[in-house]
Amino acid sequence: MEITCINCPVGCRLSVTLKDGQVASVTGNTCKRGETYARQECVDPQRMVTAVIPVEGSAMPLSVKTRTPIPKKLIRACMAELAAVRLSAPVAAGSVVLHSVCGTGVDIIATKTVGA
């Protein structure tokens, strides 16, 4: 399997060999991050999720993100949970706006202050 590493601007072309659903080898990386990325991406791809949600009492929406990556397969469910979030101003940067999105244990946090 051939993939491109997205961990840094170099964009190494990685060759990944899978055996019984597990990564057997990774070549083509110029740093350790490439190997780590390939091992995770080929077995359990994960992504950071960023979005904006409305805040009652503010003309500006609130930008939010997952604190850490979540499984890629849960992005749609994550966005659906975010669509149901109702917030009122003020909201401080760094505050948790949704605990354990999709039962992952990963919180959604505000990335800016709105309505202060």
Side-chain angles (χ1 to χ4, degrees):
M1 168 184 299
E2 299 287 324
I3 63 172
T4 301
C5 181
I6 60 172
N7 274 328
C8 77
V10 174
C12 296
R13 292 289 301 157
L14 308 174
S15 294
V16 183
T17 304
L18 297 173
K19 184 173 182 177
D20 299 324
Q22 297 298 314
V23 175
S25 69
V26 177
T27 59
N29 54 302
T30 58
C31 70
K32 183 68 176 165
R33 290 187 304 171
E35 180 178 353
T36 301
Y37 170 77
R39 290 182 178 282
Q40 186 240 326
E41 184 67 12
C42 291
V43 177
D44 181 29
Q46 298 191 10
R47 299 290 185 272
M48 292 292 290
V49 175
T50 61
V52 293
I53 56 176
V55 177
E56 186 177 321
S58 173
M60 294 294 295
L62 175 67
S63 57
V64 297
K65 69 173 190 163
T66 52
R67 190 178 303 273
T68 59
I70 63 169
K72 186 177 176 182
K73 64 186 175 189
L74 294 179
I75 291 175
R76 284 188 191 273
C78 172
M79 295 303 288
E81 284 190 21
L82 280 173
V85 172
R86 301 291 177 251
L87 298 172
S88 297
V91 180
S95 62
V96 174
V97 299
L98 181 61
H99 289 281
S100 189
V101 67
C102 300
T104 60
V106 176
D107 294 334
I108 302 288
I109 58 171
T111 62
K112 69 176 185 176
T113 298
V114 171

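In this text, all values refer to a predicted model and were calculated from it rather than measured experimentally.
Every residue two or more places apart in sequence or in another chain that forms a side-chain hydrogen bond (donor to acceptor under 3.5 Å, both in side chains) with Ser15 is listed here: Glu2.
With Asp107 contributing its side chain and Arg67 its backbone, the two residues share no donor-acceptor pair below 3.5 Å. A donor-acceptor pair is defined here as one N or O able to donate and one able to accept, closer than 3.5 Å; such a pair exists between the side chain of Thr36 and the backbone of Lys32. Remark: side-chain polar atoms of Thr111 are paired, donor with acceptor, to backbone N or O of Ser63 under 3.5 angstrom. Looking at Glu35, its side chain never comes within 3.5 Å of a backbone N or O of Arg39 through a donor-acceptor pair. Thr66 places a side-chain N or O within 3.5 Å of a backbone atom of Val49 that can act as its donor or acceptor partner. With Ser58 contributing its side chain and Val55 its backbone, the two residues share no donor-acceptor pair below 3.5 Å.
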- Query: What do the steps show when you test Arg47 against Ile70 for side chain to side chain contact (heavy atoms under 4.5 Å, CB included), and what is the final call?
  - Reply: CA-CA 6 Å; Arg47 299 290 185 272; Ile70 63 169; 5.9 Å; no
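Atom CD of Gln46 sits about 10.0 Å away from atom CD1 of Ile75, to the nearest 0.5 Å. Within the model, atoms SG of Cys5 and CZ of Arg33 stand 7.5 Å from one another, a figure rounded to the nearest 0.5 Å. One distance of note links CG of Asn7 with SG of Cys31; it measures 7.5 Å at 0.5 Å rounding.
Counting only heavy atoms from C-beta outward, the side chains of Lys112 and Leu62 approach each other to under 4.5 Å. Using a 4.5 Å cut-off on side-chain heavy atoms (C-beta onward), Thr104 and Leu74 make contact. Counting only heavy atoms from C-beta outward, the side chains of Leu14 and Tyr37 approach each other to under 4.5 Å.
When all heavy atoms of Gly11 and Thr4 are compared, the pair lying nearest together is O-CG2, 3.6 Å. When all heavy atoms of Leu18 and Cys42 are compared, the closest pair comes out as CD2-CB, 4.1 Å. Smallest separation of non-hydrogen atoms from Thr68 and Met48: C-SD, 3.4 Å.
Val23 is connected to Ile6 through a chain of hydrophobic side-chain contacts under 4.5 Å among Ile, Leu, Val, Met, Phe, Trp and Tyr, so both are in one cluster. Note on Val43 and Ile3: same hydrophobic cluster, where clusters join Ile, Leu, Val, Met, Phe, Trp and Tyr whose side-chain heavy atoms are under 4.5 Å apart, directly or indirectly.
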Distance-only donor-acceptor pairs under 3.5 Å for side chains of residues 78-98, two or more places apart:
unit_1 : atom_1 : unit_2 : atom_2 : d
Glu81  : OE1    : Cys102 : N      : 3.2
Glu81  : OE2    : Cys102 : N      : 3.2
Arg86  : NH1    : Ala83  : O      : 3.0
Ser95  : OG     : Ala92  : O      : 2.7

